[in-house]
Asks: 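First the structure, then my questions, so here it is.
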Amino acid sequence: MLASVLFVLISFVCVAQDTPQPPAPAPPPGLPIDSGVYVILVIGLMYGAYKILRFKVNSKA
């Protein structure tokens, strides 16, 4: 009887000794800014040149 009780108590102690899992890493801060900035910059330059040229053509007439 004593051996059975000790066996059960030892199994509880072994389960309680389990190491906790490390915390999950933090999520990334968002989407990276890569080549999309250059595309938007080129589109903005083209639009600005279009507006300037259109303004110059309309102001002469």
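Atom set for the values below is all heavy atoms of this structure, side chains included, hydrogens, waters and symmetry mates excluded.
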Asks: Which ILVMFWY residues are connected to Phe55, directly or by a chain of links, through side-chain heavy atoms under 4.5 Å apart?
Replies: none

Asks: Given a cutoff of under 4.5 Å between side-chain heavy atoms of I, L, V, M, F, W and Y, with clusters grown through shared members, what are the other residues clustered with Tyr38?
Replies: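 Its cluster mates, by chain and number: none.
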
Asks: Which residues, ordered by chain and number, are linked to Met46 in its hydrophobic cluster, where ILVMFWY side chains connect at heavy-atom gaps below 4.5 Å, directly or through other members?
Replies: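 Members other than Met46 - counting any ILVMFWY side chain reachable under 4.5 Å - are Val42.
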
Asks: Rest of the hydrophobic cluster containing Ile40 (Ile/Leu/Val/Met/Phe/Trp/Tyr, side-chain heavy atoms under 4.5 Å)?
Replies: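 ILVMFWY cluster around Ile40 holds nothing else.
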
